[in-house]
Visitor: 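Supplied in structure tokens, the structure appears directly below.
It should be emphasised that the depicted structure is a prediction, and the values quoted were computed from it without experimental measurement. Lettering of chains follows the sequences in order, A, B, ..., and the numbering in each one begins at 1.
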Amino acid sequence: MPTATDNFFERVYQVARLIPEGKVTSYGAIARYLGAAKSARMVGWAMNGSKAKDVPAHRVVNKKGLLTGKHHFEGTNLMQQLLENEGVEIIDNQIQNLTNCFWDPTTELR
DNA sequence: TGGTTGACTAAGT
DNA sequence: CACTTAGCCAACC
């Protein structure tokens, strides 16, 4: 049943789908873009429901470029493998050259 | 109904 | 520089 919160989730999914390959963004960045700057956790929770969607949740990481959500994926290193497959260098569950790979919707998406 | 949890982030100690 | 506290808010028990 659709509710106001589903709308927020849908917005999160939509932004996540716009993330280019080889790029990543943060939960806070998406939340800020949606006007819910302080609800970064909700973005993460929304990602939890993105499993049934075509949302590249593996491109969404925390602000430090750390793959905090990798445990929610099937494998232990699936998230990392997906990102590396797109050209993102990851070491010890953390994205390297994050500045080069970071994609901020508030800046890039306008 | 109400307290705990969490894929976050910033600020404080 | 590592750990803690605080704020946020929906989902879960």
Visitor: When the distance from CZ of A:Arg32 to C1' of B:dA10 is rounded to whole Å, what number comes out?
Guide: 11 Å

Visitor: P atom, B:dT4 versus C:dT5: distance in rounded Å?
Guide: 15 Å

Visitor: Do A:Lys53 and A:Glu10 make a side-chain contact, defined as non-hydrogen atoms from C-beta onward lying under 4.5 Å apart?
Guide: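 Counting from C-beta outward, A:Lys53 and A:Glu10 do come under 4.5 Å.
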
Visitor: To the nearest Å, give me how far apart NZ (A:Lys51) and P (C:dA11) are.
Guide: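 Checked: the NZ to P distance equals 17 Å.
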
Visitor: Base, sugar-phosphate, or nothing: which does A:Ala36 touch, judged by heavy atoms less than 4.0 Å apart?
Guide: nothing

Visitor: Side chain of A:Met42: nearest nucleotide among B:dG6, B:dA7, B:dT9?
Guide: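 Among the listed nucleotides, the one closest to the side chain of A:Met42 is B:dG6.
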
Visitor: Measuring from the side chain of A:Thr68 (C-beta onward, heavy atoms only), which nucleotide among C:dC8, B:dA7, B:dT9 has the closest atom?
Guide: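 Out of C:dC8, B:dA7, B:dT9, the nucleotide with an atom closest to A:Thr68's side chain is B:dA7.
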
Visitor: Is A:Ser39 close enough to B:dC8 that one of its side-chain N or O atoms is under 4.0 Å from OP1 or OP2 there?
Guide: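 No, no such contact exists.
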
Visitor: From the list B:dT9, B:dA7, C:dC12, which nucleotide is the closest neighbour of the side chain of A:Ser26?
Guide: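 For the A:Ser26 side chain, the nearest candidate turns out to be B:dT9.
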
Visitor: If you only use heavy atoms from C-beta on, which nucleotide in B:dA7, C:dA11, B:dT9 is closest to the side chain of A:Tyr27?
Guide: B:dA7

Visitor: Provide, to the nearest angstrom, the distance between the CG atom belonging to A:Asn93 and the C1' atom belonging to B:dA7.
Guide: 13 Å

Visitor: Which nucleotide sits closest to the side chain of A:Lys38: B:dA7, C:dC8, B:dT9?
Guide: C:dC8

Visitor: Over how many whole Å does the gap from A:Lys64 atom NZ to B:dT9 atom P extend?
Guide: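 Answer to the nearest Å: 7 Å.
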
Visitor: Begin with the C-alpha distance, continue with both residues' side-chain angles, and end with the deciding distance and a verdict on side chain to side chain contact (heavy atoms under 4.5 Å, CB included) for A:Leu67 and A:Ile95.
Guide: CA-CA 8 Å; A:Leu67 279 56; A:Ile95 296 176; 3.8 Å; yes

Visitor: Assigning hydrophobic clusters by single linkage (Ile, Leu, Val, Met, Phe, Trp, Tyr; side-chain heavy-atom cutoff under 4.5 Å), is A:Ile19 placed with A:Phe8?
Guide: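 They do share one cluster, since a chain of ILVMFWY contacts under 4.5 Å joins A:Ile19 to A:Phe8.
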
Visitor: Using atom CG of A:Leu34 as one end and atom P of B:dT9 as the other, report the distance to the nearest whole Å.
Guide: 14 Å

Visitor: With a 4.5 Å limit on heavy-atom distance, are the side chains of A:His58 and A:Gln81 in contact?
Guide: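 In short, these two side chains do not touch, never coming nearer than 4.5 Å.
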
Visitor: Nearest whole angstrom, please: distance from the C1' of B:dC8 to the CD1 of A:Ile30.
Guide: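 In whole Å, B:dC8 C1' lies 12 Å from A:Ile30 CD1.
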
Visitor: Taking CZ from A:Phe102 and C1' from B:dT9, how many angstroms apart are they, rounded to a whole number?
Guide: 12 Å

Visitor: Across the strands shown, which category fits A:Asn62 at heavy-atom distances under 4.0 angstrom: base, sugar-phosphate, nothing?
Guide: sugar-phosphate

Visitor: Has A:Lys63 got a side-chain N or O lying under 4.0 Å from the OP1 or OP2 atom of B:dA10?
Guide: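 Result: yes.
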
Visitor: Round to the nearest Å and state the distance from A:His72 atom NE2 to B:dT5 atom C1'.
Guide: 11 Å

Visitor: Is there a side-chain contact between A:Arg17 and A:Val55 (heavy atoms, below 4.5 Å)?
Guide: yes

Visitor: To the side chain of A:Met47, which of C:dA11, B:dA7, B:dT9 is closest?
Guide: B:dA7

Visitor: Could a donor-acceptor pair under 3.5 angstrom be found where the side chain of A:Arg41 meets the base of C:dC8?
Guide: yes

